[in-house]
S.K.: 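Got a structure for you, questions after.
For the single chain, residues carry numbers from 1 onward in sequence order. Scope of the values below: all heavy atoms of this structure, side chains included, with no hydrogens, waters or symmetry mates.
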Amino acid sequence: MDTDADVFLRRLAHELRPRADESVEVMLRRMRGELPELWQCEDIAALAARETAGHVATFLDVLEHGPDTTAAADGTADGTAGRVPSEALEVGRRFARSGVPVTKLLRAFRLGHLSLLELIQSEAGRLTSDPELVNEATLRLLETAFAYVDRGSEEVVAAYQEERDRRLQRRLMLTNEASRRIGTTLDTARTAEELAEVGTDEFADLVVVDLLETVLHENGACPPSDAPLLRRIAQRSVLEDSADPASATGHTHTYPEGTDPARVLATGRPLLGRAASLDGQAGPAPSRNGAHAADGRGLHSMLLVPLRARGRPLGLAQFFRRRTAVPFDEDDLMLAQEIASTAAVYIDNARRYSQERFTALTLQRSLLPQRSVDHSAVETASRYLPSGSRAGVGGDWYDVVPLSGARVALVVGDVVGRGLHASATMGRLRTAVRAFADIDLMPDELLTHLDDVIIRLQREEELDGVETATCLYAVYDPVSRTCSLASAGHVSPAVVTPAAADGDSPARRSVSFPDVPIGPPLGLGGLPFETFQFELPEGSLLALHTDGLIESRTRDVDAARDLLGAVLARAPESLDETCDRLLSALLPSRPSDDVALLIARTRALDPCHVSTLDLPCDPAAVAGARVHASERLAAWGLEEPAFATELMVSELVTNAVRYGRAPIRLRMILQDTLTLEVSDGSSTAPHLRRARNTDEGGRGLFLIAQLAQRWGTRHTREGKVIWAEQPLPATAASACRAVSS
């Protein structure tokens, strides 16, 4: 049975209903005054007005019909009268998306209903002067209001938390997706494109990425500019009309001082921009003169996030929304920062990798021979191909070193490891090889000394692991057509000997891989190396290479060797073309390891350009040696250098007779230079010294050093050889060419 208070409350509801809009306006005015930060977004403000009107209508229904009546305002018959309006749940979701704390949401909810209660209580005092009825109605009103507010608060908070959880889950998923999809390569441009792709995947409608020109220049230099010069490196949009030629990928631009992008770049602090701040301030399409395009595409919200890694500015990522109605909020800004931070680290990794790779390649190419060597003993062609993997440049190298006696050394090696350290170590080893080659060490002795160099480097640099390298050192003598080589853990070369043509078909050469004793890699120490010798017909090919040429994940080494031999068997006359064919056949794609390739075609010295005379260990043999040298020079048409040559022969033979022992031999070699060699059976090496005025001897080597272009000593298994080279005058060179023809 209804009480007088129930009847009075129904009367109050009936009296207030025509003035509901006025009540709504009073409530909204009070909430705006006390909580202004909740009404900055226009769409939330408009929704809040409908929500407040819904609360007023629903609460008046509760007062008029009771909370459990089936005559609900929405026409349902399931006992849901008094349920909060759907706009209230949407406001809760909007606040969650905007990052508003739930405490402020509940405060606004309570404040609104408090305002409504005050209006109802004021109207109650106007309708009756009975204090008992007013008190009883007030108690009933408070009971009903608390029940409604409790139920409404639970539903609004549930909607808020559901949206918040959904956003957190989305943020976590997008962050994980960014970690998975960004940084798949060590390519700067591709990493920026991945950032744009992730950013437009249900987050932004348009993403552009600008990088500083200093980041993109591998040597760190770029043209001077008053404002930071940026390059549009990536741009992606889900909008159909987003194309803008002024901001196409690859174009450079600057942001004028005072604009939002310029401030973000200068301060390193991100920026959340609303629609009002976009007009004429920032946009995705800066024109080529630096001005910003007008915001004529309906972009209503933006995020400007600096790209920084390891304390260094890299560029700027910009996120825009147009199709997505909900503007960016603080949570979105934090999410964009996480994504951009992930991308910045990978961009910086790619930058550092590119710079180190560029530096290592520059260093390595500067240390390798700059052009093919055309020596009197060999004709050569070479290739160096850096790896296509992200592991970095290796330490592969090759070299061609002229030696005394018309000989030449062919070298190929591989330092274990990657990057600048491997390239620097390669440079050290190449220098060491040239130094040891200059003193004419045998191949096995040279590798032994090179092994000591690696061990010293390990000790000096206190390396955690053992640094090793492989090396193949070969010496070709065009006089005897003998090739002497030794290997320190390096693959054997391919040897191609010429063969006669079969009828009308092209000549098919014979290809073999000598059974060279392969010693341990350099850097292990204490293990011997062995020199292997074999004779080569004139016109043979020696193909020296690193293991990157024949090692592959898709093919075994034996199959690669067979293919290598097949290509060399029908190699063209041009050595450069042969190199290209080998690389094309064995490496159809970018190699996973560095490749060094050196091909040499052997030449034999014309026997008439070599003169040999065996001498007795007798001082009288000096005169015979001078006569022999004079006659040979006359036969070669080289009268002009005869005096200096006879003087050097006299000094060399005198030293061999006086300080050496039998057998003694004089050899003269005519090529681009005139080489004199005197060998004997003693291993004692002479020393150049400056004789005093009172000394009767000791001037022989000093005279040779003054007359010869180069001179030196090399040790053999049987003793030593002292040699001296003379340059040929222009007239003598012409005579030499006449003899050669």
S.K.: How long is the straight-line distance from CG of Leu410 back to CG of Leu472, given to the nearest 0.5 Å?
M.R.: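 Atom-to-atom, Leu472:CG and Leu410:CG are 9.0 Å apart.
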S.K.: Of all heavy-atom pairs between Leu429 and Ala469, which one has the smallest distance, and what is that distance?
M.R.: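 Minimum heavy-atom separation between Leu429 and Ala469: CD1-CB, 3.8 Å.
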S.K.: Please round to the nearest 0.5 Å and tell me the distance separating atom CD of Gln709 and atom CD of Glu725.
M.R.: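 Nearest 0.5 Å value for the CD-CD distance: 6.5 Å.
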S.K.: Report the residues that fulfil salt bridge (Lys or Arg N to Asp or Glu O under 4.0 Å) with Glu577, sequence neighbours left out, ordered by chain and then residue number.
M.R.: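 Glu577 satisfies salt bridge (Lys or Arg N to Asp or Glu O under 4.0 Å) with Arg581 once adjacent residues are dropped.
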S.K.: The test is side-chain contact (heavy atoms from CB on, under 4.5 Å); show your working for Val595 and Leu586 and say whether it passes.
M.R.: CA-CA 11 Å; Val595 175; Leu586 292 165; over 6 Å; no
S.K.: Output all residues satisfying salt bridge (Lys or Arg N to Asp or Glu O under 4.0 Å) with Arg661, sequence neighbours left out; order by chain, then residue number.
M.R.: none
S.K.: Where the side chain of His490 meets the backbone of Gly519, is there a donor-acceptor pair that is under 3.5 Å apart?
M.R.: no
S.K.: Rounded to the nearest 0.5 Å, what separation is found between the CG atom of Asn349 and the OG1 atom of Thr188?
M.R.: 10.0 Å
S.K.: Can you tell which of Thr546, Val412, Val400 makes a side-chain contact (heavy atoms from CB on, under 4.5 Å) with Leu598?
M.R.: Val400
S.K.: Please name the pair of heavy atoms, one in Trp723 and one in Thr713, separated by the smallest distance, quoted to 0.1 Å.
M.R.: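 Looking at all heavy atoms of both residues, the shortest contact is NE1-N, 3.7 Å.
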S.K.: What's the spacing between Asp396 CG and Leu597 CG if we round to 0.5 Å?
M.R.: 11.0 Å
S.K.: Would you indicate whether the side-chain heavy atoms of Asp672 and Leu728 approach each other to under 4.5 Å?
M.R.: no
S.K.: Under a 3.5 Å distance rule, please check whether Thr602 uses its side chain to pair with a backbone N or O of Ser540 as donor and acceptor.
M.R.: yes
S.K.: More than 12 heavy atoms of other residues, nucleotides or ligands under 6.0 Å from CZ of Arg665: is that the case?
M.R.: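 Incorrect, the count does not exceed 12.
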S.K.: What pairs of residues pass the salt bridge (charged side-chain N to carboxylate O under 4.0 Å, His left out) test when at least one of them lies in residues 404-413, not counting sequence neighbours?
M.R.: Arg407-Asp440
S.K.: For residues 622-632, tabulate all N or O donor-acceptor pairs below 3.5 Å that involve a side-chain atom, not counting sequence neighbours.
M.R.:
from: His628; atom 1: NE2; to: Ser611; atom 2: OG; distance (Å): 2.7
from: Ser630; atom 1: OG; to: Glu646; atom 2: OE2; distance (Å): 3.3

S.K.: Does some side-chain heavy atom of Leu450 sit less than 4.5 Å from a side-chain heavy atom of Tyr473?
M.R.: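 Heavy-atom side-chain distance check fails, nothing below 4.5 Å.
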S.K.: What are the two closest heavy atoms between Ala406 and Ala377, and how far apart are they?
M.R.: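 Closest heavy-atom pair between Ala406 and Ala377: O-CB, 3.4 Å.
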S.K.: Would you list the pairs meeting side-chain hydrogen bond (donor to acceptor under 3.5 Å, both in side chains) in which at least one residue belongs to residues 518-536, sequence neighbours left out?
M.R.: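 Of all non-adjacent pairs touching residues 518-536, those that pass side-chain hydrogen bond (donor to acceptor under 3.5 Å, both in side chains) are Asp444-Thr531, Arg481-Glu535, Ser484-Gln533.
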S.K.: Do any N or O atoms from the side chain of Thr673 and from the backbone of Thr675 form a donor-acceptor pair under 3.5 angstrom?
M.R.: no
S.K.: With sequence neighbours left out, what residues match Asp680 under salt bridge (Lys or Arg N to Asp or Glu O under 4.0 Å)?
M.R.: Lys720
S.K.: Filter on ring-ring contact (aromatic ring centres under 6.0 Å, His included), then keep only pairs touching residues 423-451, sequence neighbours left out; what's left?
M.R.: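 Every ring-ring contact (aromatic ring centres under 6.0 Å, His included) pair that includes a residue of residues 423-451, provided the two are not neighbours, is Phe436-His449.
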S.K.: Any heavy-atom pair between the side chains of Ile454 and Thr468 that's under 4.5 Å?
M.R.: no
S.K.: Output all residues satisfying side chain to side chain contact (heavy atoms under 4.5 Å, CB included) with Arg667, sequence neighbours left out; order by chain, then residue number.
M.R.: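 Testing Arg667 for side chain to side chain contact (heavy atoms under 4.5 Å, CB included), a comparison that skips the adjacent residues, returns Val479, Val610, Thr612, Ile669, Glu677, Arg714.
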S.K.: Which pair of non-hydrogen atoms, one from Asp451 and one from Pro521, has the smallest distance, and what is that distance?
M.R.: OD1-O, 4.3 Å
S.K.: For a quick test of reading the model, state the closest non-hydrogen atom pair linking Gly523 to Ile455 and the distance between them.
M.R.: O-CG1, 3.9 Å
S.K.: So Leu485 and Pro443, do their side chains get closer than 4.5 Å, heavy atoms only?
M.R.: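 No, every pair of side-chain atoms sits at 4.5 Å or beyond.
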S.K.: Would you tell me whether Gln726 and Thr645 have side-chain atoms, one donor and one acceptor, within less than 3.5 Å of each other?
M.R.: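 Their side chains do contain a donor-acceptor pair, which is all the 3.5 Å distance test asks for.
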S.K.: Is the backbone N or O of Val453 less than 3.5 Å from a side-chain atom of Arg428, with the two atoms forming a donor-acceptor pair by type?
M.R.: no
S.K.: Nearest 0.5 Å, what's the NE2-CZ distance between His545 and Arg383?
M.R.: 16.0 Å
S.K.: Would you find more than 12 non-hydrogen atoms of other residues, nucleotides or ligands less than 6.0 Å from Phe643 atom CZ?
M.R.: no
S.K.: Please tell me if the side chains of Arg434 and Val411 come closer than 4.5 Å, counting only heavy atoms from C-beta onward.
M.R.: no
S.K.: I want to check something: taking the side chain as every heavy atom from C-beta on, are Leu542 and Leu536 in contact at a cut-off of under 4.5 Å?
M.R.: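 The answer is yes; the side chains approach within 4.5 Å.
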S.K.: Sequence neighbours left out, what passes side chain to side chain contact (heavy atoms under 4.5 Å, CB included) with Glu639? Give chain and number order.
M.R.: none
S.K.: Is any side-chain heavy atom of Leu676 less than 4.5 Å from a side-chain heavy atom of Trp711?
M.R.: no
S.K.: Not counting sequence neighbours, which residues clear salt bridge (Lys or Arg N to Asp or Glu O under 4.0 Å) with Asp556? List them please.
M.R.: none
S.K.: For a side-chain contact (heavy atoms from CB on, under 4.5 Å) check, start with the C-alpha distance between His715 and Leu441, then their side-chain angles and the critical distance, and finish with the verdict.
M.R.: CA-CA 7 Å; His715 292 272; Leu441 293 177; over 6 Å; no
S.K.: Is there a side-chain contact between Val433 and Asp399, using heavy atoms and a 4.5 Å cut-off?
M.R.: no
S.K.: Go through the steps to decide whether His609 and Gln671 satisfy the test side-chain contact (heavy atoms from CB on, under 4.5 Å), and finish with yes or no.
M.R.: CA-CA 7 Å; His609 284 195; Gln671 44 171 352; over 6 Å; no
S.K.: For residues Ser512 and Pro514, report the shortest heavy-atom separation together with the two atoms involved.
M.R.: O-CD, 3.7 Å
S.K.: Mind checking the SG-CD1 spacing from Cys579 to Ile599? Nearest 0.5 Å is all I need.
M.R.: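 Rounded to the nearest 0.5 Å, the SG-CD1 separation comes to 3.5 Å.
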S.K.: Taking side chain to side chain contact (heavy atoms under 4.5 Å, CB included) as the definition, give me every residue that meets it alongside Ala488, ordered by chain and number, with sequence neighbours left out.
M.R.: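 If we apply the side chain to side chain contact (heavy atoms under 4.5 Å, CB included) test to Ala488, skipping adjacent residues, the hits are Leu447, Leu522, Phe529.
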S.K.: May I have the step-by-step check of side-chain contact (heavy atoms from CB on, under 4.5 Å) for Val491 and Val557, ending in yes or no?
M.R.: CA-CA 11 Å; Val491 293; Val557 175; over 6 Å; no
S.K.: Quick one: list whatever passes side chain to side chain contact (heavy atoms under 4.5 Å, CB included) with Ala189, sequence neighbours left out.
M.R.: Asp187, Ile233
